Participant: 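Okay, handing you the structure first.
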Amino acid sequence: MKKNSSRLMTGVLFTLLVAAAFGAATRPNIIFIYADDLRWDTLGVVAKEQGDSARFPWVQTPQLDRLAAQSIRFRESFVATSLCSPGRANVMTSKYGHLTGVIGNGAHLPPETITFAKHLREAGYTTGYYGKWHMRDQRDRPEYDHFASFVGQGRYFDCPFLVDGKETPTKGWVDDVSTDYAIKFIDQQPRDKPFFAWLGFKSPHGPRGGNNLPDRVKDLYKEEKARPTPNTSIGSIYTANGRTQDKSENPGQVEGHRDYMRHVTAIDRAIGRVLDALERAGRLENTLVILTSDNGYYLGEHGLGDKRSAYDESLRVPLLIRVPGAAKSANAVNDAMVLNLDYGPTILDYAGAKPLSGAQGRSLRPLLEGRRPTDWRTAFFYEYFREGNFAAPTVLALRTTTHKLTTYPGHKDWTEVFDLKKDPYEVSNLASSKPELVAQLQRQFDQEAKAVAFRWPEGYSADGDAAVPATKTKAGKKKQ
């Protein structure tokens with residue numbers, strides 16, 4: 001019996017070793033490209049699809065369009081919190097901020113946090129992190145074998161980097177420098193071991209324009225103007241309850257829109273360089289490429305110019321996923337509701353790595369393979385906790401495939417309900433005129449809050465009045 005057991009264990013061990021060796025040779029490399037404040041509609045392919053309703057039909061993104069032509073493009077892609085640091089923690093952990101503790105821009109990623117990068121390393125991946133990290137002034141990059149990353153917001157030109165922990169001066173535009181480091185990492189990886197690289201851009205985050213732009217885009221879009229939309233003359237309920245001045249023709253705002261798009265076109269070239277590097281190395285066909293953003297951004301809608309709150313311009317982000325053997329799914333679109341919480345589970349699924357314990361997202365692999373599970377989400381819970389010195393109040397919301405319920409704790413009279421099929425610009429608040437709809441959405445809101453184990457973070461209560469202190473630069477200016 002003992003001999004048989006020993007032989008059985010030896011056979012099992014041999015099988016596992018063979019499987020592991022085979023997996024190392026066939027598992028995909030993974031590139032995760034993460035822009036900052038990039039709206040879902042700032043891709044040329046999206047503007048073309050939108051036609052006459054596109055706000056920015058003139059934006060030029062040939063490399064993003066190239067990637068989209070090789071990818072599945074998710075048209076209903078959202079974030080669980082529309083803010084820089086919480087968004088990154090959402091991605092890394094597949095958990096909401098009320099569980100990770102990262103609810104504002106003033107926190108480091110807690111040292112005990114388990115991220116998907118940890119499981120990738122355990123599965124035999126070499127991990128690299130390049131560019132923006134944005135967890136206050138955190139200097140370490142946990143679970144990354146190599147990194148070249150700047151602290152906080154950095155700066156657009158000649159930004160000092162931490163290269164594997166060593167302070168290193170750099171020359172040039174920061175997103176080009178980050179891309180240089182990422183490409184160097186790709187080129188140095190051996191063929192017999194899979195790798196993961198996170199490339200985080202600063203663009204199109206402010207301060208934008210002028211000397212914050214590389215020369216190649218400074219002269220773009222000189223005569224272009226954004227098209228107005230029905231909600232560019234409607235104020236947010238928490239800043240201007242009712243009509244507001246349409247600023248779409250304001251010279252400052254017009255130029256601000258141009259500068260935003262100049263930053264988008266500037267990182268577009270960087271994305272093309274990454275794709276070219278993979279092609280040169282003969283690795284593109286065995287590489288999973290994910291392109292997305294930490295949050296959306298208002299460009300005048302509801303009289304706003306930031307993110308944080310729960311109108312769709314803030315919640316919605318681009319998502320392109322190029323799967324290995326991309327010809328099978330090239331230039332496809334998918335309308336399933338997906339979240340930034342899903343990226344980590346997807347990455348680990350393709351890597352054959354251990355899943356994250358307690359993950360609140362789920363792998364997108366079935367959708368990428370043309371299958372939609374019958375229990376796929378049709379709604380999600382959104383949270384943002386007020387920070388000091390910012391206009392946006394605490395917001396808790398339910399976003400479904402057809403409707404939205406937005407609550408402002410401590411301000412019941414601000415409650416908003418929108419029928420998104422009839423009113424995609426969120427102009428007509430139904431909260432007072434449709435009590436049955438409000439009650440129905442409130443029940444669903446409560447269910448979703450329970451499903452994500454919602455709890456008030458320390459220092460907050462149901463009146464939403466507490467606030468996370470804003471972090472500050474040395475000059476005393478707020479960081480966003």
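Please read all numbers here as calculations on a predicted model, not as lab measurements.
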Participant: Does Y298 have any ring pair (Phe, Tyr, Trp, His ring centres under 6.0 Å) partners at least two apart in sequence or in another chain, and if so, which?
Facilitator: none
Participant: Roughly how far, to the nearest 0.5 Å, is NE2 of H403 from CG of D419?
Facilitator: 3.5 Å
Participant: May I have all residue pairs that pass salt bridge (charged side-chain N to carboxylate O under 4.0 Å, His left out) and include part of residues 339-348, sequence neighbours excluded?
Facilitator: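 Matches after skipping sequence neighbours: D342-R377.
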Participant: Considering residues at least two apart in sequence or located in another chain, which fulfil the ring pair (Phe, Tyr, Trp, His ring centres under 6.0 Å) criterion with W133?
Facilitator: Y129
Participant: Would D137 and H108 count as having a side-chain donor-acceptor pair, cut-off 3.5 Å?
Facilitator: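 Their side chains do contain a donor-acceptor pair, which is all the 3.5 Å distance test asks for.
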Participant: Excluding sequence neighbours, so at least two apart, what forms side-chain hydrogen bond (donor to acceptor under 3.5 Å, both in side chains) with D268?
Facilitator: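 D268 satisfies side-chain hydrogen bond (donor to acceptor under 3.5 Å, both in side chains) with no residue once adjacent residues are dropped.
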Participant: Restricting to ring pair (Phe, Tyr, Trp, His ring centres under 6.0 Å), what partner residues turn up for Y96, sequence neighbours left out?
Facilitator: H98
Participant: Could you give the distance from CG (L398) to CG (L405), rounded to the nearest 0.5 Å?
Facilitator: 6.0 Å
Participant: Check whether the side chains of D145 and T126 place a donor and an acceptor atom closer than 3.5 Å, and report yes or no.
Facilitator: no
Participant: Looking only at the side chains, is there a donor atom on one of T81 and Y382 sitting less than 3.5 Å from an acceptor on the other?
Facilitator: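 Per modelled atom types, T81 and Y382 side chains form no pair under 3.5 Å.
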Participant: Does a salt bridge link R308 with D306, judged by any charged N lying under 4.0 Å from a carboxylate O?
Facilitator: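 Salt bridge present between R308 and D306.
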Participant: Just wondering, do Q360 and L99 contact through their side chains at under 4.5 Å, heavy atoms?
Facilitator: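 Yes, at least one pair of side-chain atoms sits under 4.5 Å.
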Participant: Could you state the interatomic distance from OH (Y238) to NE2 (H302), rounded to the nearest 0.5 Å?
Facilitator: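 Reported value, rounded in 0.5 Å steps: 9.0 Å.
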Participant: State whether D175 and K202 are salt-bridged, where the test is any N-O pair (Lys NZ or Arg NE/NH1/NH2 against Asp/Glu carboxylate O) under 4.0 Å.
Facilitator: no
Participant: Evaluate side chain to side chain donor-acceptor pair (under 3.5 Å) for Y297 paired with R39, printing each intermediate quantity in order.
Facilitator: CA-CA 6 Å; Y297 200 81; R39 290 166 56 111; over 6 Å; no
Participant: I need the full list of side-chain hydrogen bond (donor to acceptor under 3.5 Å, both in side chains) pairs touching residues 443-452, with sequence neighbours left out, sorted by first then second residue.
Facilitator: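 Checked against side-chain hydrogen bond (donor to acceptor under 3.5 Å, both in side chains) - neighbours excluded - the pairs reaching residues 443-452 are Q442-D446.
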Participant: Is the distance from the ring center of H263 to that of Y156 below 6.0 Å?
Facilitator: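 Centroid distance H263-Y156: below 6.0 Å, so yes.
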Participant: With ring pair (Phe, Tyr, Trp, His ring centres under 6.0 Å) as the test, would you mind laying out the steps for F161 and F150 before giving the verdict?
Facilitator: CA-CA 5 Å; F161 272 57; F150 51 91; 5.6 Å; yes
Participant: Partners of F381 by ring pair (Phe, Tyr, Trp, His ring centres under 6.0 Å), sequence neighbours excluded?
Facilitator: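 In terms of ring pair (Phe, Tyr, Trp, His ring centres under 6.0 Å), with neighbours along the sequence ignored, F381 is linked to F445, F454.
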Participant: For T42, check side-chain hydrogen bond (donor to acceptor under 3.5 Å, both in side chains) against everything at least two apart and list the hits.
Facilitator: none
Participant: Salt bridge (charged side-chain N to carboxylate O under 4.0 Å, His left out): which pairs involve residues 93-117, sequence neighbours left out?
Facilitator: none
Participant: Would a distance-only check, ignoring hydrogens and angles, find a side-chain to backbone donor-acceptor pair under 3.5 Å from R371 to R365?
Facilitator: no
Participant: Any chance the side chains of N389 and E387 put a donor and an acceptor closer than 3.5 Å?
Facilitator: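 Distance-only check fails for N389 and E387.
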Participant: A cation-pi test, strictly: NZ or CZ of R227 under 6.0 Å from the centre of the six-membered ring of F56 and no more than 45 degrees from its axis. Yes or no?
Facilitator: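 No, cation not above the ring by the 6.0 Å, 45° rule.
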Participant: In terms of side-chain geometry, is the basic nitrogen of D294 or R88 positioned less than 4.0 Å from the acidic oxygen of its partner?
Facilitator: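 Looking at D294 and R88, the cut-off is met.
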Participant: So which pairs with a foot in residues 56-69 pass salt bridge (charged side-chain N to carboxylate O under 4.0 Å, His left out), sequence neighbours left out?
Facilitator: R66-D276, R66-E279
Participant: How long is the gap from OG on S203 to CG on D176, to the nearest 0.5 Å?
Facilitator: 9.0 Å
Participant: Going by the rule side-chain hydrogen bond (donor to acceptor under 3.5 Å, both in side chains), which residues pair with T346 if we only count those two or more places apart in sequence or in a different chain?
Facilitator: none
Participant: Working note: Y425 + E301, criterion side chain to side chain donor-acceptor pair (under 3.5 Å); need CA distance, chi angles, decisive distance, verdict.
Facilitator: CA-CA 9 Å; Y425 292 102; E301 297 88 359; over 6 Å; no
Participant: Verify whether one side chain among N334 and E76 offers a donor that lies under 3.5 Å from an acceptor in the other.
Facilitator: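 There is no such pair between these side chains.
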Participant: Taking the six-membered ring for Trp, are F116 and F32 parallel (under 30°), tilted (30 to 60°) or perpendicular (over 60°)?
Facilitator: perpendicular
Participant: How far apart are the closest heavy atoms of S149 and G131, and which atoms are they?
Facilitator: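 Nearest pair, atom of S149 first, then G131: OG-O, 2.6 Å.
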Participant: Tell me every residue that passes side-chain hydrogen bond (donor to acceptor under 3.5 Å, both in side chains) with K404, counting only those two or more places apart in sequence or in another chain.
Facilitator: D312, E426
Participant: Are F385 and Y460 close enough that their ring centres sit under 6.0 Å apart?
Facilitator: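 Ring centres of Y460 and F385 closer than 6.0 Å.
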Participant: Does the Y130 side chain pair with the main chain of F185, one donor and one acceptor, at a distance under 3.5 Å?
Facilitator: no
Participant: Please check: side-chain N/O of T265 versus main-chain N/O of Q60, any donor-acceptor pairing under 3.5 Å?
Facilitator: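 Yes.
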